[in-house]
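Beneath this line is the structure, given in structure tokens, with notes to follow.
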Amino acid sequence: MVNPKCIEKAPATEVKAQLEREDGKGRQIGIMGGTFNPVHIAHLVAAEQAMTKLRLDEVWFMPDNIPPHKNAPLTSAKDRATMLDLATRDNPKFRVKLLELFRGGVSYTVDTMRYLKEKAPQNNYYLIMGSDQVNSFHTWKEAPTLAKMVTLVGIRRPGYPQDPQYPMIWVDAPDIRLSSTAIRRSVATGTSIRYLVPEPVRKYIEEKGLYLDETNI
């Protein structure tokens with residue numbers, strides 16, 4: 001069961017309190033967005049590498065409500081949030097933030113960052129992206145504005161063409177060639193996903209019968 005604090009819709013004043021450190025100083029926050037349909041080990045490894053190498057205070061996983069660049073059918077917000085909670089609960093510096101799910105509609109990162117910057121302008125935010133996101137970032141809503149609001153962080157993939165059009169900090173990470181699409185396809189075809197996702201996530205997928213329909217891959 002997902003942590004109730006993870007999905008509770010808090011008033012703006014409570015959200016602001018969660019964003020601030022007790023000493024009032026700003027924090028270094030990594031942001032990882034996506035559908036997380038489902039979350040897998042490559043997501044977690046990238047977050048850990050960015051957090052440790054850039055000395056971030058926390059990494060926030062933000063599942064989107066309706067992705068602007070993907071057409072694949074989504075598992076329910078509750079299931080995706082629960083799997084994220086299961087995957088991250090053993091890391092005290094990982095947090096699941098459901099701002100985009102509560103806002104509804106199409107999820108645009110620039111809208112989320114405006115909200116966060118308004119509520120806690122003292123924080124510094126690092127937008128962590130995979131190589132494919134780096135190459136498509138220029139197509140995102142208000143990309144020039146967003147690039148000024150956050151520090152862009154790219155997870156470098158050896159041998160993958162990388163063509164950033166905005167200043168980028170690169171983080172090297174183990175080359176784990178894994179995707180949520182591949183996970184869904186494996187489940188639908190009866191192939192094991194053990195060790196490709198955290199064990200609690202694998203068990204949740206099995207118990208809930210997620211991704212069994214090959215037509216929804």
Side-chain angles (χ1 to χ4, degrees), residues 3 6 19 21 25-64 67 69-70 80-81 83-100 107 109 112-113 116 120 123-138 140 143 146-147 149-184 186 193-202:
N3 183 346
C6 169
L19 297 175
R21 287 192 346 185
K25 296 181 180 179
R27 293 187 294 169
Q28 313 303 310
I29 304 295
I31 302 291
M32 283 197 72
T35 57
F36 300 109
N37 187 34
V39 59
H40 52 69
I41 61 168
H43 294 132
L44 303 175
V45 168
E48 178 72 11
Q49 293 298 309
M51 182 178 68
T52 56
K53 292 178 179 178
L54 299 181
R55 298 183 179 181
L56 305 179
D57 292 306
E58 292 180 348
V59 172
W60 293 355
F61 292 79
M62 291 191 176
D64 48 26
H69 294 98
K70 293 185 179 181
R80 290 185 291 125
M83 287 188 285
L84 266 178
D85 181 65
L86 291 170
T88 59
R89 61 174 50 177
D90 64 346
N91 190 324
K93 291 190 175 182
F94 284 176
R95 298 281 185 268
V96 179
K97 302 291 184 179
L98 306 185
L99 301 179
E100 295 186 344
S107 299
T109 304
T112 301
M113 295 316 306
L116 294 176
N123 288 341
N124 294 315
Y125 297 97
Y126 297 74
L127 184 60
I128 303 169
M129 300 181 288
S131 296
D132 53 341
Q133 293 175 310
V134 168
N135 289 340
S136 66
F137 179 78
H138 65 281
W140 292 21
L146 179 57
M149 299 170 66
V150 300
T151 299
L152 301 179
V153 178
I155 302 298
R156 195 190 308 274
R157 180 188 296 179
Y160 190 91
Q162 293 152 342
D163 184 27
Q165 300 186 26
Y166 295 88
M168 183 82 52
I169 294 178
W170 289 102
V171 170
D172 291 321
D175 186 18
I176 303 176
R177 309 217 172 182
L178 186 62
S179 69
S180 295
T181 301
I183 297 293
R184 297 194 301 271
S186 293
I193 60 170
R194 191 184 296 271
Y195 309 123
L196 301 181
V197 299
E199 185 62 6
V201 173
R202 186 192 69 80

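All values below come from the heavy atoms of this structure, side chains included, with hydrogens, waters and symmetry mates left out.
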Which residues share a side-chain contact (heavy atoms from CB on, under 4.5 Å) with P174, sequence neighbours left out: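 P174 satisfies side-chain contact (heavy atoms from CB on, under 4.5 Å) with V45, Q49, I176 only.
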Residue pair W170, V134: steps toward the side chain to side chain contact (heavy atoms under 4.5 Å, CB included) verdict: CA-CA 10 Å; W170 289 102; V134 168; 3.8 Å; yes
L116 side chain reached by L99 side chain, heavy atoms, under 4.5 Å: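 Counting from C-beta outward, L99 and L116 do come under 4.5 Å.
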Which heavy atom of [X] sits nearest a heavy atom of [Y], and at what distance?
X    : Y    : result
L44  : F94  : O-CZ, 4.0 Å
H43  : P38  : CE1-O, 3.8 Å
L178 : H40  : O-CE1, 3.7 Å
T35  : P67  : CG2-CG, 3.7 Å
A87  : V201 : CB-CG2, 3.9 Å
I193 : S186 : CG2-CB, 3.7 Å

Which residues share a salt bridge (Lys or Arg N to Asp or Glu O under 4.0 Å) with D132, sequence neighbours left out: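 Counting only residues at least two positions away or on another chain, D132 forms no salt bridge (Lys or Arg N to Asp or Glu O under 4.0 Å).
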Donor-acceptor pair between N124 and Q28 side chains, under 3.5 angstrom: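 Yes, side-chain donor-acceptor contact under 3.5 Å.
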Donor-acceptor under 3.5 Å (N123 side chain, R27 main chain):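 Yes, N123 side chain to R27 backbone: donor-acceptor pair under 3.5 Å.
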Check: L127 main-chain N/O paired with T151 side-chain donor or acceptor under 3.5 Å: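 Judged by distance alone, no pair lies under 3.5 Å.
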Inter- and intrachain pairs under salt bridge (Lys or Arg N to Asp or Glu O under 4.0 Å), touching residues 150-160, at least two apart: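 For residues 150-160: R156-D172.
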Can you tell me how far apart [atom1] ([X]) and [atom2] ([Y]) are? Round to the nearest 0.5 Å.
X    : Y    : atom1 : atom2 : value
I29  : K93  : CD1   : NZ    : 10.5 Å
M32  : M51  : CE    : CE    : 11.5 Å
M168 : I155 : CE    : CD1   : 10.5 Å
S136 : H138 : OG    : NE2   : 7.5 Å
S179 : L196 : OG    : CG    : 10.5 Å
I169 : L152 : CD1   : CG    : 8.5 Å

From CA spacing to verdict: side chain to side chain contact (heavy atoms under 4.5 Å, CB included), D64, R80: CA-CA 10 Å; D64 48 26; R80 290 185 291 125; 3.9 Å; yes
Worked check of side chain to side chain contact (heavy atoms under 4.5 Å, CB included) between I31 and V150: CA-CA 10 Å; I31 302 291; V150 300; over 6 Å; no
From CA spacing to verdict: side chain to side chain contact (heavy atoms under 4.5 Å, CB included), T112, Y125: CA-CA 11 Å; T112 301; Y125 297 97; over 6 Å; no
